[in-house]
J.: 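Pasting a structure below so you can have a look.
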Amino acid sequence: MKKILKTAIITIIFLSALTAAAYFLLTKSKGDENSFDSRVVDEQSDQHDEHMYKFDTDSTAVELVRLGDEKNVLNFNQTGVFTKANSKTARDRLDRLIKRMDADFEKPIIAYNPFGTVPDSYYFYFVTPSNCMVRYTVAVPDEDIHDYIRYVNNGTDNNITTEHEFLVTGLVPGVTNYINLELVDENGAHREDKTYKVSLTSIGVPSDISYVVGRSEEKLKSGLFFMMPKKDKNIYKYDNNGIMRGMLATESDHGKRIYCKSGQLVYQISKSRVVRTDKLGMVTGAVSVSGVKNILDMSYDGYENVFSLAKDKKSYSLYRTSFESNKTKKIYTFDKGITPTSITEPSAGNLYVSTSAPAGIIRIDGLLSSKPRPGAVFGKKSDWKKTKLKKKVCDPGKKKKSSEEDEQAASGEAVSEDKTEKPEAKAFVGWDMKEVTLYLIPEESNGSSDTLSFAVEKAGVTQIEKIRLSVKKPSLEIIDEKPAETSGRVCVQYMGDHCSVVGCAQGAYEERDDLFKTIRQYGFIREFDGVWKLDLKGFSNL
């Protein structure tokens, strides 16, 4: 009996130890995975102080050569690139090369900007014998410029594959850049690496802009600032440390907006043309807004439709243009006397239009219907009484009687007066909306209500407004109101609990935390048409 009991006790102890070991391994694996995910986010935030460049880096790097006997980089057509047809031609050529060549990590297919839309970028393609992912680092000899690190997003669930196709961006103009390609496993462990080098010429725009650290101790959001200087047709990308990390080419004009949806960028390339490109820079859509000479503002619904605000000789109108059919339809014309200034991206089939005369915000409903129409107008009733939209006006400054007040009035009792001023009573009172650029906050808009941010001039001071608009029963609530601490046209973009504030006239922009404390303020000096920060979700070439 004692022998049996002893055996049972030993068995229980063994099984307990085995269970504990299994639990440890499982939790350790999960912890390692979470640790690696955190590492990826940190490395791609451009807020570390790593420097890959060493004294022997230059001697071991393979130079990227586009011309001559030592050529190892393919060149593609760089003119007339903003069409789907030209992009398809480039894609077909790459596919033929992929089929014909046995490209591996040691001898990859390398091409300079194959689709012509991302200058100073390099395309890579190769196959590895086992699953892995690619981490690339762009480094320069200057110790004041930190490394630029990106993990290639290949679209798989765990981001590992044997086939690797990506675009290397982030190269700094005016210096020699070193590109280190590293193969890593699913936990980020190193397998092998190879370094290339290429020297770039300056492009007439500062490659390093100054910044001032603010009072906030929070980290900046990951992503790049897409800068659109006035009197400059290109869009420039700057990282969190003010280092230029490449550019997007256009034909003649960049407009004042850029959108990133489902791993694709949408932006203007001329005063009346809009393009959509994927993470390799391939054109997946290009439209001309027919009948329009100059797009005043534009937005994108994330599918096939571009919406534009433009003016002809007589009036302002909204246009819808399809990437699929390339056809344009004028969907709404504003009445005489109404002056729109900007539009938001669509939300649940609606979009918002800011107006300076009269001051207000119009919600246009049924964007994809045969006849889109104003669903609500937010503004002062007295300002809109001479317009055809006066019956649509929701005036947040007019206090409605409550049911209790109605009962008091019916019974002959004196209605008690509440002298407390509610936040919504301030809306549109003394607002000058001539310079307004509306921004829809996607993560705070849910179909039943939408949240917008913008800046207005009020009593000579530029104020940042954050408002919530109810869709079903029109109402407006001011969520927050703060001084912009700059003047003229100001663009405001909320990114979760942070926001960017852009003083377009001053050529300065900054990122602020949830308490509105400045994290960093950047000075570019030149005037902006716009600056927008885009994150890295679904995009490995930002």
J.: My understanding is that only one of L171, V172, I203 makes a side chain to side chain contact (heavy atoms under 4.5 Å, CB included) with M244; could you say which?
T.: I203

J.: When you check the side-chain N and O atoms of T341 and S354, is any donor under 3.5 Å from an acceptor?
T.: yes

J.: Answer yes or no: is there an ion pair linking K261 with E345, defined by an N-O contact shorter than 4.0 Å?
T.: yes

J.: Roughly how far, to the nearest 0.5 Å, is OH of Y332 from CG of L351?
T.: 11.5 Å

J.: Taking side chain to side chain donor-acceptor pair (under 3.5 Å) as the test, write out the residues that go with T284, two or more places apart.
T.: Q264, R276

J.: Can you tell me how far apart CG (D120) and OG1 (T169) are? Round to the nearest 0.5 Å.
T.: 10.5 Å

J.: I'd like to know if the side chain of H48 reaches the main chain of E43, judged simply by a donor and an acceptor atom lying under 3.5 Å from each other, with no hydrogens or angles considered.
T.: yes

J.: Any salt bridge linking R520 with E510? Criterion: basic side-chain nitrogen under 4.0 Å from a carboxylate oxygen.
T.: no

J.: Between T486 and T462, is there a side-chain heavy-atom distance shorter than 4.5 Å?
T.: no

J.: Would you indicate whether E217, at its atom CD, is surrounded by more than 12 heavy atoms from other residues, nucleotides or ligands within a distance under 6.0 Å?
T.: no

J.: Using atom types as modelled and distance alone, determine if a side-chain donor or acceptor of T344 lies under 3.5 Å from a backbone N or O of L440.
T.: no

J.: Taking atom types as modelled and ignoring hydrogens, do the side chains of K533 and N240 form a donor-acceptor contact shorter than 3.5 angstrom?
T.: yes

J.: Centre of F225's six-membered ring, under 6.0 Å away, within 45 degrees of the axis: is that where NZ or CZ of K237 sits?
T.: no

J.: With a 4.5 Å limit on heavy-atom distance, are the side chains of S500 and M495 in contact?
T.: yes

J.: In terms of heavy-atom contacts, does NZ of K329 have more than 12 from other residues, nucleotides or ligands at under 6.0 Å?
T.: yes

J.: Measure the OG1-CZ distance between T117 and F82 for me, rounded to the nearest 0.5 Å.
T.: 6.0 Å

J.: Under a 3.5 Å cutoff, is there a donor and acceptor pairing between the side chains of S222 and S45?
T.: no

J.: Does a side-chain N-to-carboxylate-O contact under 4.0 Å join K327 and E304?
T.: no

J.: Could you please spell out the steps behind the side-chain contact (heavy atoms from CB on, under 4.5 Å) verdict for I338 and Y316?
T.: CA-CA 8 Å; I338 296 178; Y316 292 88; over 6 Å; no

J.: So does R512 pair up with D497, basic N to acidic O under 4.0 Å?
T.: no

J.: Of F528, W532, Y236, which is the lone residue that meets side chain to side chain contact (heavy atoms under 4.5 Å, CB included) with M228?
T.: W532

J.: If you compare all heavy atoms of S317 against all heavy atoms of T333, which two are closest, and at what distance to 0.1 Å?
T.: OG-OG1, 3.1 Å

J.: Hey, what do you get for OH (Y238) to CD1 (I243), rounding to the nearest 0.5 Å?
T.: 9.0 Å

J.: Give a yes or no on this: more than 12 heavy atoms of other residues, nucleotides or ligands lie within 6.0 Å of atom NZ of K311.
T.: no

J.: Within the structure provided, determine whether V266 and I258 are in side-chain contact (heavy-atom separation under 4.5 Å).
T.: no

J.: So does A508 get a backbone contact from the side chain of Q506, meaning a donor-acceptor N/O pair under 3.5 Å?
T.: no

J.: Using 30° and 60° as the class boundaries, would you call the ring planes of Y352 and F378 parallel, tilted or perpendicular?
T.: tilted

J.: Might you point out which heavy atoms bring Y136 and L167 nearest each other, and give the distance in Å?
T.: OH-O, 3.7 Å

J.: Do C499 and F516 come within less than 4.5 Å of each other through their side chains, counting heavy atoms only?
T.: yes

J.: Distance alone, cut at 3.5 Å: any donor-acceptor contact between the side chains of T518 and R215?
T.: no

J.: Is L534 close to F226 at the side-chain level, that is, under 4.5 Å between some pair of heavy atoms?
T.: yes

J.: Check the pair E435, K256 against salt bridge (charged side-chain N to carboxylate O under 4.0 Å, His left out), reporting the backbone distance first and the verdict last.
T.: CA-CA 13 Å; E435 299 283 355; K256 62 180 182 182; over 6 Å; no

J.: If you take all heavy atoms of A484 and V501, which pair is closest and at what distance?
T.: O-CG1, 4.3 Å

J.: When you compare the side chain of D239 with that of H146, does any pair of heavy atoms fall below 4.5 Å?
T.: yes

J.: Strictly by modelled atom types, are Y509 and Q521 linked by a side-chain donor-acceptor pair under 3.5 Å?
T.: no

J.: Using a strict 4.0 Å threshold on nitrogen-to-oxygen distance, state whether K482 and D480 make a salt bridge.
T.: yes

J.: Return yes if a side-chain donor-acceptor contact under 3.5 Å exists between T451 and S445, otherwise no.
T.: no

J.: Does a side-chain N-to-carboxylate-O contact under 4.0 Å join R273 and E251?
T.: yes

J.: In terms of side-chain geometry, is the basic nitrogen of D232 or R526 positioned less than 4.0 Å from the acidic oxygen of its partner?
T.: yes

J.: What closest approach, in Å, do Y319 and A310 show between heavy atoms, and which atom pair accounts for it?
T.: CE1-CB, 3.8 Å

J.: About how many Å separate CG of L296 and CG of N294, when rounded to the nearest 0.5 Å?
T.: 5.5 Å

J.: List the residues meeting side chain to side chain donor-acceptor pair (under 3.5 Å) with N350, not counting sequence neighbours, and say none if there are none.
T.: none

J.: Among V275, D301, V274, I295, which one satisfies side chain to side chain contact (heavy atoms under 4.5 Å, CB included) with V306?
T.: V274

J.: Would you kindly check if the NZ (Lys) or CZ (Arg) of R150 is within the cone defined by 45 degrees around the ring axis of Y148 and under 6.0 Å from the six-membered ring centre?
T.: yes

J.: Take V283 and F115 through the side-chain contact (heavy atoms from CB on, under 4.5 Å) test and state the conclusion after the steps.
T.: CA-CA 7 Å; V283 175; F115 300 104; 5.9 Å; no

J.: Please round to the nearest 0.5 Å and tell me the distance separating atom CZ of F428 and atom CD of E465.
T.: 9.0 Å

J.: If you compare all heavy atoms of P358 against all heavy atoms of T387, which two are closest, and at what distance to 0.1 Å?
T.: CG-CG2, 4.1 Å

J.: Salt bridge check, R468 against E477: does any charged N sit closer than 4.0 Å to a carboxylate O?
T.: yes

J.: Once you measure the plane-to-plane angle for Y522 and Y211, does it fall in the parallel (<30°), tilted (30-60°) or perpendicular (>60°) bin?
T.: tilted

J.: Decide, yes or no, whether a salt bridge links D529 with R257 under the criterion of side-chain N to carboxylate O below 4.0 Å.
T.: no

J.: Inspect the contact between K231 and D253 and indicate whether a charged nitrogen and a carboxylate oxygen are less than 4.0 angstrom apart.
T.: no

J.: Is R363 paired with D365 through a side-chain N to carboxylate O contact shorter than 4.0 Å?
T.: yes

J.: Step by step, work out the salt bridge (charged side-chain N to carboxylate O under 4.0 Å, His left out) result for D46 and R245.
T.: CA-CA 11 Å; D46 303 323; R245 295 298 181 176; 5.9 Å; no

J.: Looking at S270, is its backbone amide N or carbonyl O close enough to the side chain of K233 to form a donor-acceptor pair, meaning the two atoms are under 3.5 Å apart?
T.: no

J.: If we ignore angles and hydrogens, is there a donor and acceptor under 3.5 Å between the side chains of H498 and D513?
T.: no

J.: Strictly below 4.0 Å, N to O, side chains only: are K330 and D312 in salt-bridge contact?
T.: yes

J.: Quick check: closest heavy atoms across V289 and S308, and the distance to 0.1 Å?
T.: CG2-OG, 3.6 Å

